[in-house]
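Here is the naming used below: chain letters follow the sequence lines, and residue numbers restart at 1 for every chain. Small disclaimer: the values here were computed from a predicted structure and weren't measured.
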Amino acid sequence: MRWNLLMYKEYKQLNLSQTGKDVLEFWKQNDIFEKSISSRPATNPYTFYEGPPSANGMPGIHHVMARAIKDIFCRYKTIKGYQVKRKGGWDTHGLPIELAVEKALGITKDDIGKKISVKDYNDACRKEVMRYTDIWNDLTEKMGYWVDLENPYITYKNEYIESLWWILKEFHTKGLLYKGYTVQPYSPKSGTGLSSHELNQPGTYKMVKDTSITAQFKVKRDKDSEFLFENITSDLFILAWTTTPWTLPANCALAVGEKIDYVKISTFNPYTFLPVTVVLAKDLVGKHFKAEGENASFADYKGGDKIIPWEVKGTYKGSEFLGLHYYQLMPYVINEDLEKNAFRVIPADFVTTEDGTGIVHTASVFGSDDFRACKENNVPSVMVKDEFGKDVPLVNKQGRFVDEVTDFAGRYVKEEYYSKEEREAEGFKATDVLISIKLKTENKAFDVKKYEHSYPHSWRSDEPILYYPLDSWFIRTTAVKDKMVALNKTINWKPESTGTGRFGNWLENLVDWNLSRSRYWGTPLPIWREENGGEELCIGSIADLNNEIEKSIKAGLMPESFKLDDLHRPYVDDVILVSSTGTPMYREPDLIDVWFDSGAMPYAQWHFPFENKEAFKNAYPADFIAEGVDQTRGWFFTLHAIAVMLSETSDEVKAINAEVGNGGVAFKNVISNGLVLDKNGNKMSKRLGNGVDPFETIEKFGADAPRWYMISNAAPWDNLKFNADGIDEVRRKFFGTLYNTYTFFVMYANIDKFTYSEAEIAITGRPEIDQWIISLLNTLSKEVDAFYADFEPTKAARAIQDFVDAHLSNWYVRLSRRRFWRSDNSDDKLSAYQTLYTCLTTVAKLMSPIAPFFAERLYTDLNSITKKEAFESVHLAYFPEYHADLVNAGLEERMQMAQDISSLVLSLRKKVGINVRQPLSKILLPILDKKFKGQIEQVKDLILSETNIKGIEYITDTAGFIKKKIKPNFKALGVKVGKDMKIVAEAIGNLSQDDIAKLEDNGDLLLPTQHLINLTDVEIIAEDVPGWQVANLGKLTVALDVTITDELKQEGLSREFINRVQNLRKEKGFEVTDKINVRVKCDETLWEAINNNLSYICAEILADTIVLDNELTEGEPVEIDGNEILIAISKI
RNA sequence: GGAAAUAUAGCUCAAUUGGUUAGAGCAGCACCCUUAUACGGUGUCGGUUAAAGGUUCAAGUCCUUUUAUUUCCA
């Protein structure tokens, strides 16, 4: 490596991995991240919220993706001049952590408090939760994600919890926090609920044989149901099937599918032999009726006959039944509310016609679907009052019927809950069987049989679980539903569909937020209650709590020495408060949903409102957040819900919202990014072993290439199929090209000692090609700015990549190379340096949000020599300004023409087999319109040098030389002729060369179809020049003169010779500035060619002399035009 | 079962928002260029735009139904 302080750094090769490490060190040594914040005015904040990761698992490559997106916009806003503080955070509570600890300690949930104290358990959780912190921090650093890791918020800290309590208290005060129940899997034996995680344990579901009943629900005859009684004489029943007959006393509704077809059938009850008419799903008739009985004689039927006659009396849609009332099947419990609002038909989306009758018996308290359906339709539950006057279900917590169910009082509802002896005793019958017998005799059962199905069992006791209503604390989110929906519409979602669809629909169907979790490691619910549930106190701060504790101590309920240092369980459970009447109040034992922890981070990260009110105000709400789409109902929801509710309940938040002009949202812009799949589109998982290790990837490619690959390949919200080959492609194509461009620049800049110390040459005074690339560069800056601002990083990356590859490297540098070689220090050369320098530094800035390392290296390598800007880092610089006056559309257009024409000429050369080193005399260009010639003349030199052609001739069609083609412009014509398009298009296609000429002369033409068309309705191109080699692209047509004169031939040979000498120079390792002498042994034809172009050749190869030496023996043998020659070169 | 996303060349993506011969890159093949040594150029190979139906003068694009993959919820 040649390197001194005054020279630009040159590298042997592109090594992004090493670059990453070097730049990281540079950032660390110079506190660049801190400076990127401190150098921006605090009065111009841009707020980003970091969704806290949980550090109890290893990070994967998808974390690199998600965090790259966050990083991009933070860096972008920084170089746009905003102060972007980003506080890191850790999500530290929750089930995954508890499970990991249970696994590590070899215990189950049941052992907590027994084999291990809650204290020891929680200490283990506290340790576990930060287990991978170092690895996460390492990744954060290596991937270049700038976030404040020094002062993160941690959700288990007392201050954090205190903020959560404050929020809960605000909600509680306004009646938005209440105790209700949900139906959950419950094990009567162990007396606990089972989490969905526990239900997903292997072996939970087992095949069992249960008694199933198809029950007859008698329809009340009234004006709503009258239509159903048409043409029948018997009583009318709805058939509903259940595998849990014990839930029938609690029946409160029947659910139908609105789109399902149902039939009404007259027949006889098989147990009572009474005539009945029943309703069931059309598709299930075959399961309940024998084909032989259809339309059999009703008169001939005798009770007990095997074949029971039946007849279809009508067909209905489920929707027609909605609102029908029926008589309560087992009327043990009844009250006014039930009388009025229960025992009716409701719609439900879970009804199918796979089993049963297509009508579902619904007992709201014993099924979660049932519960939801009843709630949605405002059907009250069948409940009884307990000793405290509280509503409880018909089955108690031991799994026995309550006294009100007189016939079965005290009986276990499930056979399995009885002991083995009891079940084997003489005359024992399961409760389900007893219920069946009762219903049969009462003409309420249509069918009873054993049914085998899969049913969940408790992994603890191995007995079937019950779905059972359990106490839970809820946040009344439904109270602010409309506001949440309205405010969601003010949020900018990327992509939009997640906001309107997934999130919007979720809000439309909002239910109250179940906050309760029966665990140990989490934020405790700060609610204390009297034992009978009478008085209730919600604590909103540590001070409040201490106050209450003091009262309690005075009342003698707690020891004087008591002091609470940790708000977690078990300590907080030792707190017993005193009610206004002097009775003890105990804490509600639940923890709260961890999602509340993270959703409250805007407030709790600052310990608001206890501290940092200013900091909070300056960072509320977030301008931008980004997480995976799986957070839609997670973090995105909880942030939104808490923010909207606080905007309604909290005076402090209201005041701040008013001050900062916030309508009540927690975030204004949100990207929900997609998943990272493996290269075959499969989900990455530990089991399949197809995960990609982010550390290995970064070690191999550095962080920039993977970041650029992930961002440029697919929009963030599309799933990404991660393929390491794609990273390599990005490295070669984009970074490789940019690196080459830099290398090219510094190679000559170092030779010429270009340090941008000369005065700036006015852009308008620079050559056409410089003005062109500067024009494109400005257009690019504007586009990229708009893309970033619109949260479209993919479009930004693609635009930058296209500029670097197609325009900067393969056109600008390619055509400007000779300007850098010239040994004089003309303005032209200076222009070239200044222009390329500007392009490189500008590109560095534009790409810096996505590829922060390489951009840094590129920028600082250049800027540290020129000192053009005072910034020590590209991330401290500012986004390139857009100069509209430097954008020249006409210039861009004619340069595009030059590129197209060159490409056409090269393709013609290829077609006729004349390579580019052989000069040709001219090309012919048909003139398209008035400005065409002027445009081409300005870029003529570029075309000629690129294609090695001597001249351009323009031709017009006056000689009838050119054959033209005419095409309809459908877009323009469509508006004009509409339905006649077909005939018009055909007529235009049939126009003769003369007609076309007339149209061109007059500006319009009347078609045979009587439509008047003008020049804007069609596109006319010169298609062919008969007798010439011709190529077309769009409107452009190029004809090539393929005649090779002797003079051209000699020139061609000279260029071949130059090429061979240059190859030799390179082989011998000469510097590009070394001068040489050349001796050559060749035939006369070649020598004549060399001699005739001697000065040109010498200049090209930096030779002082070229001599013919037919005695030459050393030298290198090379081949030119089929002849072997010898060339010997030597440095002077 | 509900909601959402996606489906275009072997692979990764475009297609000016409805305008007529659906384009790039990669991979493959052939040739070429280069004092930027692997970036590039020219050509070649590759498509019933997931399927079916509809609206329209005109559909990859709009509508309906279906299929596949994925996610979230139940």
Which nucleotide, in any strand shown, forms a Watson-Crick or G-U wobble pair with B:rU21, with both distances under 3.5 Å?
none
Say you pick atom P in B:rU8 and the same atom in B:rU61; how far apart are they, in whole Å?
14 Å
If pairing means Watson-Crick or G-U wobble with both distances under 3.5 Å, then the partner of B:rC31 is B:rG41
Please report, rounded to the nearest Å, how far the P atom of B:rA15 is from the CG atom of A:D802.
13 Å
Using the P atoms only, state how far B:rA50 lies from B:rG10, rounded to an integer number of Å.
13 Å
Does A:D593 reach the main-chain N or O of A:W595 with its side chain, forming a donor-acceptor pair under 3.5 Å?
yes
Please work out whether the ring planes of A:W708 and A:F734 are parallel, tilted or perpendicular, with thresholds of 30° and 60°.
parallel
Which one, B:rC39, B:rC13, B:rU12, comes nearest to the side chain of A:A714?
B:rC13
Classify the nucleic acid contact of A:V984 as base, sugar-phosphate or nothing, counting any heavy atom under 4.0 Å across all strands shown.
nothing
Rounded distance in Å between the P positions of B:rU67 and B:rA52:
15 Å
Whole-Å gap separating P (B:rU12) and CD1 (A:I711):
18 Å
Can you check the A:F803 CZ to B:rG25 P distance for me, whole Å?
19 Å
Does the side chain of A:K721 get closer than 4.0 angstrom to OP1 or OP2 of B:rU69 through an N or O atom?
no
Expected label for B:rU37 (glycosidic angle, syn inside 90° of 0, else anti) would be anti
What's the closest nucleotide to the A:R372 side chain, out of B:rA27, B:rG40, B:rA74?
B:rA74
Consider the side chain of A:F744, meaning its heavy atoms from C-beta on, and name the nucleotide among B:rA36, B:rU71, B:rC39 that approaches it most closely.
B:rA36
Please report the distance separating the C1' of B:rU21 from the corresponding atom of B:rU66, rounded so that it comes out in whole Å.
31 Å
Checking all strands, does A:D725 fall into the base, sugar-phosphate, or nothing category for heavy-atom contacts under 4.0 angstrom?
nothing
By the 4.0 Å heavy-atom rule, please label A:N505 as base, sugar-phosphate, or nothing.
sugar-phosphate
Of the options B:rA4, B:rG40, B:rC13, whose atoms approach the side-chain atoms of A:N810 most closely?
B:rG40
In whole Å, measure the gap between the P atoms of B:rC62 and B:rU17 for me.
13 Å
Within the modelled atom types, does a donor on one side and an acceptor on the other bring the side chain of A:R817 and the base of B:rU35 under 3.5 Å apart?
no
Would you classify A:T743 as touching base, sugar-phosphate or nothing, given that sugar-phosphate means primed atoms plus P, OP1 and OP2, and contacts are heavy atoms under 4.0 Å?
nothing
Please pick, from B:rC13, B:rC39, B:rG25, the nucleotide with the shortest atom-to-atom distance to any side-chain atom of A:E729.
B:rG25
What integer distance in Å separates A:W635:CH2 from B:rC72:C1'?
18 Å
For A:E508 and B:rC72, what is the distance between atoms CD and P respectively, to the nearest whole Å?
22 Å
What is the distance from CG of A:D728 to P of B:rA27, rounded to the nearest Å?
10 Å
What integer number of Å spans the P atoms of B:rA4 and B:rA9?
26 Å
Without decimals, in angstroms, what is the distance between A:K375 NZ and B:rA74 P?
15 Å
Name the closest nucleotide to the A:S809 side chain, picking from B:rA5, B:rA36, B:rU71.
B:rA36
Strictly below 4.0 Å: does A:Y742 bring a side-chain N or O up to OP1 or OP2 of B:rA36?
no
Quick one: sort the A:Y748 and A:F820 rings into parallel, tilted or perpendicular, breaks at 30° and 60°.
tilted
Out of B:rG19, B:rC39, B:rA4, which nucleotide sits closest to the side chain of A:F970?
B:rG19
So which nucleotide does B:rG53 pair with, by the Watson-Crick or G-U wobble rule with both distances under 3.5 Å?
B:rC63
Taking the nucleotide of RNA chain B with the closest heavy atom to each, which residue, A:N719 or A:S497, is nearer the 5' end?
A:S497
Under 3.5 Å, is there a donor-acceptor pair linking the side chains of A:Q918 and A:N948?
no
Once you apply a heavy-atom cut-off of 4.0 Å, does A:R798 come out as touching a base, just sugar-phosphate, or nothing?
sugar-phosphate
Looking only at atom P, what distance separates B:rA59 and B:rA22, rounded to whole Å?
13 Å
Check: A:Y709 ring centre within less than 6.0 Å of A:F722 ring centre
yes
In the strands shown, is B:rC26 matched to any nucleotide by a Watson-Crick or G-U wobble pair with both distances under 3.5 Å, and which?
B:rG10
We want to know whether A:E892 and A:T779 form a side-chain donor-acceptor pair, criterion being a heavy-atom distance below 3.5 angstrom.
yes
Would you tell me if any nitrogen or oxygen in the side chain of A:R732 comes within less than 4.0 Å of OP1 or OP2 on B:rA27?
yes
Side-chain heavy-atom pair A:Y833, A:R819 within 4.5 angstrom cut-off:
no
Please work out which of the three classes, parallel, tilted or perpendicular, describes the rings of A:W506 and A:F637, given edges at 30° and 60°.
perpendicular
When rounded to the nearest Å, what value does the distance between P atoms of B:rA27 and B:rU42 take?
16 Å
On RNA chain B, does the nearest nucleotide to A:N740 precede the nearest nucleotide to A:R502 from the 5' side, or the other way round? Give the residue.
A:N740
Nearest whole angstrom, please: distance from the C1' of B:rA24 to the NZ of A:K795.
17 Å
Where the side chain of A:D805 is concerned, which of B:rU35, B:rC39, B:rU70 is the nearest nucleotide?
B:rC39
Within the 4.0 Å heavy-atom criterion, would you say A:N723 contacts the bases, only the backbone, or no part of the nucleic acid?
nothing
Ionic contact status for A:K795 with A:E783, cut-off 4.0 Å:
no
Re B:rC72: Watson-Crick or G-U wobble partner, both distances kept under 3.5 Å, found to be B:rG2
